[in-house]
Amino acid sequence: MTTTTHSLASGAGWHLTDVICTAGAGDRPFEEAHQDFCVAAVTSGTFRYRAQQGTAMLAPGALLLGNPGTCYECGHEHGSGDRCLSFHFGPAYMERIVAGVPGARKLAFEAPRLPPLPVLAPLLAEAEIAREKVDIEAFEELGLRIAGAALAAATGATHVRRAPSRRDQKRVAEAVRRIELDADGPVSLSALADETATSPYHFLRIFRQVAGMTPYQFLLKTRLHRAAVRLRLSDDAVSAIAFEAGFNDLSTFNRRFRRVMGETPGHYRARHGALAVPAL
């Protein structure tokens with residue numbers, strides 16, 4: 001086998017795999033079929049991709065585009081190996097994304113790929129960082145944002161920013177409250193969207209517009225804020241504080257805390273000093 005596929009994350013209607021190929025010029029091109037819509041970000045290597053929409057050379061920063069039920073072929077006559085973050089979306093899920101992208105109308109990709117466009121670079125960098133840091137909770141949002149950007153770029157749709165309606169502001173306010181109440185547990189973007197009767201992509205778009213950040217970013221901010229308060233108000237172990245705040249991994253908590261607060265949780269507590277809580 002020249003290709004290994006690792007499942008990274010999944011949800012209702014979507015999943016993400018990390019695909020590593022070691023094929024070279026001496027290997028025959030292999031043919032497969034797309035089961036769902038595919039938007040794959042090439043993170044290293046080059047290869048030739050031939051699909052129903054045409055043939056293209058894929059390089060780092062490009063997006064491979066695939067439609068469900070179509071066959072495709074990949075070849076490496078010009079170099080060995082590649083690696084991709086491959087997002088897959090069921091037709092019903094993709095239809096909801098299309099409905100949320102202003103100007104997008106078609107539910108099929110007409111081109112086989114998008115070149116390394118500047119507008120895509122920040123998103124693809126976020127996705128690669130999430131893969132390296134195993135940031136599972138970030139992948140659903142990243143998949144929606146990448147799919148939306150791909151649809152907009154592939155169809156030439158232009159985004160006209162409109163002021164959020166009062167209804168959308170109310171939806172975001174309700175979602176913010178839900179995140180605050182459940183920040184110590186898993187919070188699904190799809191569940192938040194369902195509760196506000198919107199598609200996941202539309203919900204993500206209006207949340208960013210109203211709140212100034214994505215739902216996942218707000219969730220992390222809430223967790224880190226609560227952890228910082230507890231570090232100062234209690235003598236509980238840092239690991240206990242991290243887990244109770246909703247972080248499943250202590251190293252992830254330490255890394256995120258340092259990036260946001262500018263120092264490790266231990267240094268933060270030592271510098272500020274844990275405050276004694278008077279007995280009742």
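The analysis underlying the following values was restricted to heavy atoms, covering all of them including side chains, and did not include hydrogens, waters or symmetry mates.
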Colleague: Can you tell if the side chain of P215 reaches within under 4.5 Å of the side chain of L204, non-hydrogen atoms only?
Modeller: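 When only atoms from C-beta onward are counted, L204 and P215 do touch, with a gap below 4.5 Å.
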Colleague: Under the salt bridge (Lys or Arg N to Asp or Glu O under 4.0 Å) rule, collect the residues that match up with R259, sequence neighbours excluded.
Modeller: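 Listed in chain order: nothing, the list is empty.
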Colleague: Going by the rule ring-ring contact (aromatic ring centres under 6.0 Å, His included), which residues pair with F247 if we only count those two or more places apart in sequence or in a different chain?
Modeller: F253
Colleague: Tell me who clusters with L181, hydrophobic residues only, linked when side chains sit under 4.5 Å apart either directly or through other members.
Modeller: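 L181 shares its hydrophobic cluster with no other residue.
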Colleague: R230: which residues meet the side chain to side chain contact (heavy atoms under 4.5 Å, CB included) condition with it, sequence neighbours left out?
Modeller: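 For R230, the residues satisfying side chain to side chain contact (heavy atoms under 4.5 Å, CB included) (neighbours in sequence not counted) are S234, D236, I241, E244.
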Colleague: Tell me which pairs pass ring-ring contact (aromatic ring centres under 6.0 Å, His included) where either residue lies in residues 96-149, with sequence neighbours left out.
Modeller: none
Colleague: Is the side chain of T196 donor-acceptor paired with the backbone N or O of R171 at a distance under 3.5 Å, no angle test?
Modeller: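 Checked: no pair found.
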Colleague: Which residues pass the ring-ring contact (aromatic ring centres under 6.0 Å, His included) test with F203, sequence neighbours left out?
Modeller: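 With sequence neighbours excluded, F203 shows a ring-ring contact (aromatic ring centres under 6.0 Å, His included) to F207, given in chain and number order.
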Colleague: Under a single-linkage rule joining Ile, Leu, Val, Met, Phe, Trp and Tyr whose side-chain heavy atoms are separated by less than 4.5 Å, which residues share a cluster with L64?
Modeller: V42, F47, Y49, L58, Y72
Colleague: Report, as yes or no, whether the 6.0 Å neighbourhood of atom CD on Q52 holds more than 12 heavy atoms from other residues, nucleotides or ligands.
Modeller: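 Result for CD/Q52: open.
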Colleague: Compute whether any side-chain donor of one residue and acceptor of the other, for T17 and H15, lie under 3.5 angstrom apart.
Modeller: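 The answer is no; no qualifying pair exists.
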Colleague: I'd like to check the salt bridge (Lys or Arg N to Asp or Glu O under 4.0 Å) partners of E73; sequence neighbours left out, ordered by chain and number.
Modeller: R48, R50
Colleague: Mind jotting down which residue pairs meet the salt bridge (charged side-chain N to carboxylate O under 4.0 Å, His left out) criterion with at least one end in residues 22-35? Sequence neighbours excluded, please.
Modeller: none
Colleague: Determine, for R177 against E174, whether the closest basic-nitrogen to carboxylate-oxygen distance falls under 4.0 angstrom.
Modeller: no
Colleague: Less than 4.5 Å apart, side chain to side chain, heavy atoms only: is that true for F89 and V39?
Modeller: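 Side chain of F89 against side chain of V39, heavy atoms only: contact under 4.5 Å found.
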Colleague: With a 4.0 Å cut-off, would you call E263 and R258 a salt bridge?
Modeller: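 Answer for the salt bridge query: no.
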Colleague: Can you find a heavy atom in the side chain of C21 that is under 4.5 Å from one in the side chain of R83?
Modeller: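 No - every pair of side-chain heavy atoms lies 4.5 Å or more apart.
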Colleague: What residues, two or more places apart in sequence or in another chain, satisfy ring-ring contact (aromatic ring centres under 6.0 Å, His included) together with H202?
Modeller: none
Colleague: According to salt bridge (charged side-chain N to carboxylate O under 4.0 Å, His left out), does anything in residues 181-200 pair up with another residue at least two apart or in another chain? List the pairs.
Modeller: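 Residue pairs with at least one partner in residues 181-200: R96-D194, R178-D182, R178-E195.
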Colleague: Are V238 and V260 grouped together when hydrophobic residues (ILVMFWY) are joined by side-chain heavy atoms under 4.5 angstrom apart?
Modeller: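 In one cluster: yes.
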Colleague: Is E132 salt-bridged to R255, going by a charged N under 4.0 Å from an acidic O?
Modeller: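 Not counted as a salt bridge, because no side-chain N and carboxylate O are separated by less than 4.0 Å.
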Colleague: Can you confirm whether the side chains of E180 and T222 place a donor and an acceptor under 3.5 Å from each other?
Modeller: no
Colleague: Is there a path of hydrophobic side-chain contacts, each under 4.5 Å between heavy atoms of I, L, V, M, F, W or Y residues, that connects F243 with I136?
Modeller: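 Different hydrophobic clusters.
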Colleague: Between E141 and T214, do the side chains contain a donor N or O and an acceptor N or O under 3.5 Å apart?
Modeller: yes
Colleague: Restricting to side chain to side chain contact (heavy atoms under 4.5 Å, CB included), what partner residues turn up for V229, sequence neighbours left out?
Modeller: H225, L233
Colleague: I want to check something: taking the side chain as every heavy atom from C-beta on, are L124 and L63 in contact at a cut-off of under 4.5 Å?
Modeller: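 Sidechains of L63 and L124: in contact.
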